[in-house]
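What follows is one structure encoded as structure tokens, with my remarks underneath.
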Amino acid sequence: MSSPIKILGFAGSLRKNSYNKALLRLAVQLVPKNAVLEMFDLEGIPPFNQDLESQPPQKVKEFKTKIRAADAILIATPEYNYSIPGVLKNAIDWASRPYPDNSLSGKPVAMLGASIGMLGTARAQYHLRQSFVFLNMYPINLPEVFVTYAREKFNEDGTLKDEKIKQPISELLENLVAWTLKLKKAQ
Ligand SMILES: Cc1cc2nc3c(=O)[nH]c(=O)nc-3n(C[C@H](O)[C@H](O)[C@H](O)COP(=O)(O)O)c2cc1C
């Protein structure tokens with residue numbers, strides 16, 4: 001049997017009871033049998049400083065090593081002021097540098113997100129897709145997982161209230177794994 005597809009997941013929130021971290025924890029439970037999902041916490045990644053990009057801080061080195069070892073990436077993004085949170089953009093900026101040493105290049109990627117609002121991170125996710133172009137990542141198109149009104153779907157401690165959100169997350173993961181296998185075959 002071939003080795004499982006390795007997915008690295010990270011959330012663009014440092015909040016302890018983050019809905020987006022909760023989405024990733026759900027994804028860990030729902031990952032297809034032929035894949036494994038490891039979560040990486042962005043806590044401790046300092047603000048990007050281009051003077052340091054050739055000798056990045058230890059946490060960034062660890063992040064880039066994990067990205068390189070992964071077959072695919074899963075990003076759970078909150079929406080901050082109609083875009084992606086600085087914490088997430090900052091981590092992506094580190095991971096993409098120094099040019100041309102972009103650890104994210106060529107990686108299949110899927111995204112999902114939860115917000116307390118009515119659009120469930122749709123605007124943030126389209127901004128993230130825009131960055132995937134320059135990052136040379138290969139995003140899956142569907143399903144789009146926009147978890148709206150997150151307070152109704154999760155308890156305050158991040159445990160799940162609404163079982164219905166499991167189905168689109170399972171579909172997202174199945175599609176990511178299928179897409180990753182397709183790209184591997186094409187190499
Ligand atoms: C700085 C800031 C900006 C926000 N902007 C938006 C926004 O544009 N759209 C939205 O739906 N929610 C917005 N929110 C509310 C978030 O949806 C909410 O804080 C959510 O819990 C963040 O995700 P998390 O639980 O994973 O930390 C904002 C929250 C913060 C702190």
Side-chain angles (χ1 to χ4, degrees), residues 7-31 36-49 57 59-60 62-63 66-67 70 72-96 104 107-135 137 139-173 175-176:
I7 306 171
L8 184 72
F10 46 92
S13 174
L14 305 181
R15 207 165 71 82
K16 186 164 153 274
N17 293 333
S18 157
Y19 298 123
N20 289 281
K21 285 185 184 171
L23 286 181
L24 277 191
R25 286 196 300 274
L26 261 184
V28 169
Q29 289 171 27
L30 299 170
V31 78
V36 288
L37 169 54
E38 182 189 349
M39 285 173 65
F40 186 87
D41 195 335
L42 301 184
E43 178 79 57
I45 296 188
F48 179 74
N49 178 346
K59 179 83 188 198
V60 172
E62 198 190 321
F63 186 41
K66 297 247 181 212
I67 291 170
I73 305 294
L74 180 71
I75 302 177
T77 185
E79 181 170 283
Y80 277 8
N81 297 310
Y82 283 16
S83 188
I84 65 173
V87 160
L88 177 59
K89 183 62 165 52
N90 182 60
I92 288 173
D93 291 343
W94 275 117
S96 70
L104 293 162
K107 298 285 178 187
V109 59
M111 67 188 141
L112 71 174
S115 86
I116 58 174
M118 65 185 285
L119 292 184
T121 74
R123 291 163 293 222
Q125 289 196 34
Y126 288 120
H127 281 187
L128 192 51
R129 276 189 194 275
Q130 187 176 317
S131 290
F132 292 156
V133 178
F134 192 58
L135 291 164
M137 299 186 81
I140 61 165
N141 291 326
L142 295 172
E144 292 183 301
V145 183
F146 303 140
V147 178
T148 59
Y149 304 118
R151 285 187 185 121
E152 294 169 14
K153 314 236 160 101
F154 291 96
N155 298 306
E156 265 312 299
D157 63 358
T159 53
L160 189 63
K161 235 195 260 185
D162 183 350
E163 293 283 320
K164 285 197 291 294
I165 69 170
K166 284 185 173 176
Q167 193 279 330
I169 297 173
S170 294
E171 195 185 329
L172 182 80
L173 291 166
N175 288 2
L176 176 63

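The model shown is predicted, which means the values in this text are computed figures rather than measured ones. Each ligand, and each atom within it, is numbered from 1 in the order the structure gives.
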**Prompt:** Can you tell me which residue and heavy atom of the protein come closest to atom 7 (C) of ligand 1, and the distance to 0.1 Å?
**Reply:** E79 O, 3.4 Å
**Message:** Is it true that, when you exclude K89 itself, more than 12 heavy atoms of the residues, nucleotides or ligands shown sit nearer than 6.0 Å to its NZ?
**Reply:** no
**Fill in**
So CG of L173 and CG of L30: to nearest 0.5 Å the spacing works out to 6.5 Å
**Message:** Under 6.0 Å from the ring centre and within 45 degrees of the ring axis: does the NZ or CZ of K107 meet both conditions for the six-membered ring of F132?
**Reply:** no
**Fill in**
Note: ligand 1 atoms sitting under 4.0 Å from heavy atoms of N20 are 23 (O), 24 (P), 26 (O)
**Message:** Starting from atom 27 (O) of ligand 1, what is the nearest protein heavy atom, named by residue and atom, and what distance separates them?
**Reply:** S13 OG, 2.7 Å
**Fill in**
min-distance protein heavy atom vs atom 8 (O) of ligand 1 -> Y82 N, 2.8 Å
**Complete:** Closest non-hydrogen contact found for L172 with P143 is CD1-O, 3.4 Å
**Message:** Only heavy atoms of P78, strictly under 4.0 Å: list the atoms of ligand 1 that pass.
**Reply:** 22 (C), 23 (O), 26 (O)
**Request:** Looking only at protein heavy atoms, identify the closest one to atom 5 (N) of ligand 1 and say how far it is in Å.
**Result:** N81 N, 2.8 Å
**Request:** Look up atom 21 (O) of ligand 1 and tell me if a protein heavy atom lies less than 4.0 Å from it?
**Result:** yes
**Request:** Record the part of R15 in heavy-atom contact with ligand 1 below 4.0 Å; permitted values are side chain, backbone, both and neither.
**Result:** side chain
**Item:** Pairwise distance CD(E38) to NZ(K66) - rounded to 0.5 angstrom
**Value:** 3.5 Å
**Request:** Give the numbers and elements of all ligand 1 atoms closer than 4.0 Å to a heavy atom of I116.
**Result:** 15 (C), 17 (O)
**Message:** Using a 4.0 Å cutoff against the non-hydrogen atoms of Y19, which atoms of ligand 1 qualify?
**Reply:** 21 (O), 24 (P), 25 (O), 26 (O)
**Message:** For D157 and T159, which I'm curious about, is there any donor-acceptor pair between the side chains at under 3.5 Å?
**Reply:** yes
**Request:** Any chance you could measure L42, atom CG, to L14, atom CG, to the nearest 0.5 Å?
**Result:** 6.5 Å
**Asked** What do you reckon, is CD of Q130 surrounded by more than 12 foreign heavy atoms closer than 6.0 Å?
**Response** no
**Request:** Classify the contact between S115 and ligand 1 as side chain, backbone, both or neither, using a heavy-atom distance cut-off of under 4.0 Å.
**Result:** both
